[in-house]
Colleague: 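The structure is given below, and queries will be raised subsequently.
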Amino acid sequence: MAATSGAVVNGLGSAFLCGGRRTRSLLRAAGFGAKAGSGAGSRTLVVVAAAQPKKSWIPGVRGGGNFIDPEWLDGSLPGDYGFDPLGLGKDPAFLKWYREAELIHGRWAMAAVVGIFVGQAWSGVPWFEAGADPGAIAPFSFGTLLGTQLILMGWVESKRWVDFFNPDSQSVEWATPWSKTAENFANATGEQGYPGGKFFDPLGLAGTIKDGVYIPDVEKLERLKLAEIKHARIAMLAMLIFYFEAGQGKTPLGALGL
């Protein structure tokens, strides 16, 4: 193993790989090209990986100050391409809340896009006329539906609001004693907006369940977080287009000629 390591180190210092005398001298100063061995005269090889450059929402454009590359966006958020022309995320607290809002709206938009396509393909009724269709199944009035939704959604959103400012404070036994709500609804990943666990990740896409305990997979979770935010943004743009189409009496399937 020592012979192999020595060959690799010496190879890095060869003229074939590192070019001229000046480059070789710099490499030797950094520890490359030193003889592998033991004892007081041996050197430690330190390899420093270059940081990945930040991705820009305008590829190929450099400069532009905070309009192109805001200093308050460091690329740590999934899907961060430096897009904040209005400077809404300058305050870290607001930035955290805006990301939470983007996630929630994006998830609703993805569900809505699927529902619009499937609903119209199944019934033939445009999504913006579904509630007023004579054949629509409505066991209760619009007022009852609105009141029920306000109560239930208000309860859920209020708990999410409290949990945002006080994480894990809502993981309590609020249902039946045998439902284990505190265990099933707890944040298994430790990251805001990504609870995971047996209830929110039953297929184990971002983790595994071992001996009844959910263990998140950091690499998979990061990849899925990026994929989700990209799909969420596309879905929100799609819903905006659907609204404009509905204003003209058109539907997504009709615009596609289906």
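Quick note: residue numbers are just sequence positions, from 1.
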Colleague: Quick check: does any side chain N or O of D74 sit under 3.5 Å from a backbone N or O of S76, one acting as donor and the other as acceptor?
Modeller: yes

Colleague: Donor-acceptor pair, T189 side chain versus Y194 backbone, under 3.5 Å?
Modeller: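 Yes; judged by distance alone, with no hydrogens or angles, the pair exists.
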
Colleague: Is the shortest side-chain N to carboxylate O distance from K225 to E228 below 4.0 Å?
Modeller: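 Salt bridge: no.
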
Colleague: L95 and W72: which non-hydrogen atoms are nearest, and at how many Å?
Modeller: CD2-O, 4.3 Å

Colleague: Should the pair R99 and F164 be classed as cation-pi, given the thresholds of under 6.0 Å to the six-membered ring centre and 45° from the axis?
Modeller: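 No; the conditions do not both hold, so R99 does not lie above the ring face of F164.
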
Colleague: Please report the shortest heavy-atom distance between F165 and W161, naming the atom on each side.
Modeller: CD1-O, 3.2 Å

Colleague: Measuring from L103:CG to W108:CH2, what's the distance to the nearest 0.5 Å?
Modeller: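 Here the interatomic distance stands at 14.0 Å.
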
Colleague: Under a 4.5 Å side-chain heavy-atom rule over Ile, Leu, Val, Met, Phe, Trp and Tyr, are L256 and W122 clustered together?
Modeller: no

Colleague: Is V162 linked to M153 within one hydrophobic cluster, defined over Ile, Leu, Val, Met, Phe, Trp and Tyr using a side-chain heavy-atom separation of less than 4.5 Å?
Modeller: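 Unlinked, V162 and M153 end up in two clusters.
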
Colleague: Please report the shortest heavy-atom distance between I229 and L226, naming the atom on each side.
Modeller: CG2-O, 3.2 Å

Colleague: Where is the tightest heavy-atom contact between G193 and R107, given as atom of each residue plus distance?
Modeller: O-NH2, 2.9 Å

Colleague: What's the spacing between D91 CG and K96 NZ if we round to 0.5 Å?
Modeller: 12.0 Å

Colleague: Among the clusters formed by ILVMFWY side chains lying less than 4.5 Å apart, do I151 and L146 turn up in the same one?
Modeller: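 I151 does not cluster with L146.
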
Colleague: So, for P70 and G82, which heavy atoms are closest and what is the spacing to 0.1 Å?
Modeller: CD-O, 3.1 Å

Colleague: When you group the ILVMFWY residues by side-chain heavy-atom contacts below 4.5 Å and let the links chain together, are F242 and M110 in the same group?
Modeller: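 Different hydrophobic clusters.
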
Colleague: Just how far is it from atom CZ of F83 to atom CZ of R233, taken to the nearest 0.5 Å?
Modeller: 9.5 Å

Colleague: Could you check if a side-chain atom of F117 sits within less than 4.5 angstrom of a side-chain atom of V113, using non-hydrogen atoms only?
Modeller: yes

Colleague: With heavy-atom distances below 4.5 Å as the criterion, would you say the side chains of E157 and R160 are in contact?
Modeller: yes

Colleague: Nearest 0.5 Å please: distance from the CG atom of L224 over to the NE2 atom of H231.
Modeller: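 Going from CG on L224 over to NE2 on H231, the span is 10.5 Å.
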
Colleague: CD1 of I241 to CE of M236: how many Å apart, nearest 0.5 Å?
Modeller: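 Between atom CD1 of I241 and atom CE of M236 there are 13.0 Å.
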
Colleague: Would you list the pairs meeting side-chain hydrogen bond (donor to acceptor under 3.5 Å, both in side chains) in which at least one residue belongs to residues 199-208, sequence neighbours left out?
Modeller: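 The answer is D201-Y214.
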
Colleague: Any side-chain heavy atom of T251 within less than 4.5 Å of one from F128?
Modeller: yes

Colleague: Are P216 and E191 side-chain neighbours, meaning at least one heavy-atom pair lies under 4.5 Å?
Modeller: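 They are not in side-chain contact.
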
Colleague: In terms of hydrophobic clusters joined by side-chain contacts under 4.5 Å, are F94 and L88 together?
Modeller: yes

Colleague: What distance separates W127 CH2 from E245 CD, expressed to the nearest 0.5 Å?
Modeller: 9.5 Å

Colleague: Provide the closest heavy-atom pair for A232 versus G106 in the form atom of the first, atom of the second, distance.
Modeller: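 That would be CB-CA, 3.5 Å.
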
